[in-house]
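Let me begin by presenting the structure, written as structure tokens, before commenting on it.
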Amino acid sequence: MTSPVVSIIDSDQPEKWQQMLSDLITDPKELLQILGLNATDYPGDPDMLRQFPMKVPRPFAARMEAGNWRDPLLLQVLPSSLEAVQVEGLVADPLQEAAANPVPGLLHKYAGRVLLTAVPHCAVHCRYCFRRHFDYAGNAPNRSEWVKAIDYIAADPGITEVILSGGDPLAASDRHLRWLIDRINDIEHVSSLRLHTRLPIVLPQRVTPGLAALLGGSRAKPVLVVHCNHAQELDLQVASALGQLTDNRIILLNQAVLLRDVNDNLPALVALSKRLFQLHVLPYYLHLPDRVAGTAHFQVSAATGRELISGMQAQLPGYLVPTLVQEQPGASAKTRLA
Ligand SMILES: *Cc1c(COP(=O)(O)O)cnc(C)c1O
Ligand code: SF4
């Protein structure tokens with residue numbers, strides 16, 4: 001049962017993180033100004049901003065180094081005119097997910113697992129995102145569509161894990177999440193509940209005691225996969241957010257994307273694994289960027305990826321070396337490259 005106090009807070013008074021979510025930096029010039037960079041040196045492209053607007057939470061911007069155009073956090077979020085470059089082989093829907101989309105908001109590509117694009121927006125727009133062309137409007141489930149997704153899962157006893165993804169599932173209010181998690185927990189054959197989220201990294205204020213308790217209380221074993229690409233993203237506020245989650249016995253993993261000029265060097269990857277470990281997070285996947293249009297300048301080759309993994313193996317215990325993967329359309333799992 002929901003206590004009346006909680007429901008009043010949920011429905012009437014935006015929480016601090018919700019206020020911060022409505023006060024994102026969306027103007028590249030403002031971000032550059034905050035960083036002491038000269039905005040007149042920035043080749044803006046209004047067309048590209050219309051297609052995939054800039055979104056940066058202020059606590060994430062606060063971790064960027066002032067005066068540094070090549071800051072690894074800035075490079076992930078600042079729209080670049082290079083996004084307009086057309087390259088053969090980079091397409092809008094590289095994963096051909098449309099084919100695995102039996103009901104709106106649900107992807108059933110791999111045995112035993114379904115992925116719900118539960119919430120159609122993110123707190124941050126990562127310029128390399130494989131969903132930058134995703135049809136969120138057609139996959140923006142309201143409650144009645146969530147019910148269809150729940151019915152689909154309930155009807156297939158082979159589904160043992162539900163993955164809440166997005167967008168970002170933690171962009172939903174606790175009240176919405178509680179509703180969805182309760183429905184999922186009613187389905188006996190679902191034994192684990194996974195969330196793929198970047199919010200604890202880019203807006204750690206999202207992790208409140210209420211959220212940590214809600215996730216930790218799930219009957220289906222809760223696993224939270226954060227998305228962090230660089231050790232510089234992990235400041236004390238993030239550490240405290242992740243600490244609340246581990247205090248609630250939630251298993252924490254990280255997936256990163258291997259991005260040119262952001263983290264495609266051995267010291268950066270080793271530092272990331274070590275810092276994650278200190279925060280009780282184990283590295284899970286290191287993804288090669290999906291071959292999505294507009295991301296040519298982020299692409300790293302599989303050969304470079306393999307070399308970096310060998311380098312990590314030479315320096316780290318096996319459990320701190322992520323699995324290098326790439327998503328290939330039609331494959332029955334993510335493809336392991338190393
Ligand atoms: C990545 C992904 C999963 C989960 O795969 P794991 O290898 O179990 O992490 C499930 N469904 C879809 C559509 C995915 O893209
Ligand atoms: S948080 Fe994830 S889904 Fe959202 S823009 Fe970044 S990479 Fe894409």
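Quick caveat, the model's predicted, so the values are computed rather than measured. Start at 1 and go down the list; that is how both ligands and their atoms are numbered. Position 1 is the first residue of the sequence; numbering continues from there.
By the 3.5 Å distance cut-off applied to N or O atoms, Arg113 is counted among the residues near ligand 1. Looking at ligand 1, you'll find an N or O of Tyr285 within less than 3.5 Å of one of its N or O atoms. In terms of N/O distances under 3.5 Å, ligand 1 is not approached by Lys109. An N or O contact shorter than 3.5 Å links Lys334 to ligand 1 by distance.
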**Item:** Asp174/Arg206 under salt bridge (Lys or Arg N to Asp or Glu O under 4.0 Å): CA gap, chis, key distance, verdict
**Value:** CA-CA 10 Å; Asp174 290 1; Arg206 173 63 187 101; 2.6 Å; yes
**Asked** Which is it for Gln299 and Thr295 under the side-chain hydrogen bond (donor to acceptor under 3.5 Å, both in side chains) test, yes or no, and what are the steps along the way?
**Response** CA-CA 7 Å; Gln299 294 292 323; Thr295 65; 3.1 Å; yes
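In this structure, a donor-acceptor pair under 3.5 Å is present between the side chains of Gln255 and His287. With no hydrogens or angles considered, no side-chain donor-acceptor pair links Glu83 and Gln51 at under 3.5 Å.
The closest side-chain heavy-atom distance from Ile184 to Leu164 is below 4.5 Å. Here the side chains of Pro53 and Thr26 are not in contact, with every heavy-atom distance at 4.5 Å or above. The closest side-chain heavy-atom distance from Met312 to Leu266 is below 4.5 Å. At a threshold of 4.5 Å between non-hydrogen side-chain atoms, the residues Leu258 and Leu269 count as touching.
Aromatic ring pairs are classed by plane angle as parallel below 30°, tilted from 30° to 60° and perpendicular above 60°; the pair Tyr319 and Phe277 is tilted.
Counting atoms of ligand 2 from 1 in the listed order, those under 4.0 Å from a heavy atom of Arg198 are 1 (S). The Glu327 neighbourhood of ligand 1 comprises atoms 15 (O), with distances under 4.0 Å to a heavy atom of that residue. The Tyr284 neighbourhood of ligand 1 comprises atoms 6 (P), 7 (O), 8 (O), 9 (O), with distances under 4.0 Å to a heavy atom of that residue. Taking a cut-off of under 4.0 Å to the non-hydrogen atoms of Ile163, the atoms of ligand 1 that pass are 3 (C), 4 (C), 10 (C). Close approach to Leu115 involves these atoms of ligand 1, each under 4.0 Å from a residue heavy atom: 11 (N), 12 (C), 13 (C), 14 (C). Distances below 4.0 Å separate heavy atoms of Arg194 from the following atoms of ligand 1: 4 (C), 6 (P), 8 (O), 9 (O).
In terms of protein heavy-atom proximity, atom 10 (C) of ligand 1 is nearest to Tyr110 CD1, 3.4 Å.
For atom 8 (Fe) of ligand 2, the N/O/S atoms of His125 include none lying under 2.8 Å.
Contacts between Cys122 and ligand 2 below 4.0 angstrom, taking non-hydrogen atoms only, involve the side chain exclusively.
Residue-ligand proximity: Val124 is placed with a non-hydrogen atom under 4.0 Å from ligand 2.
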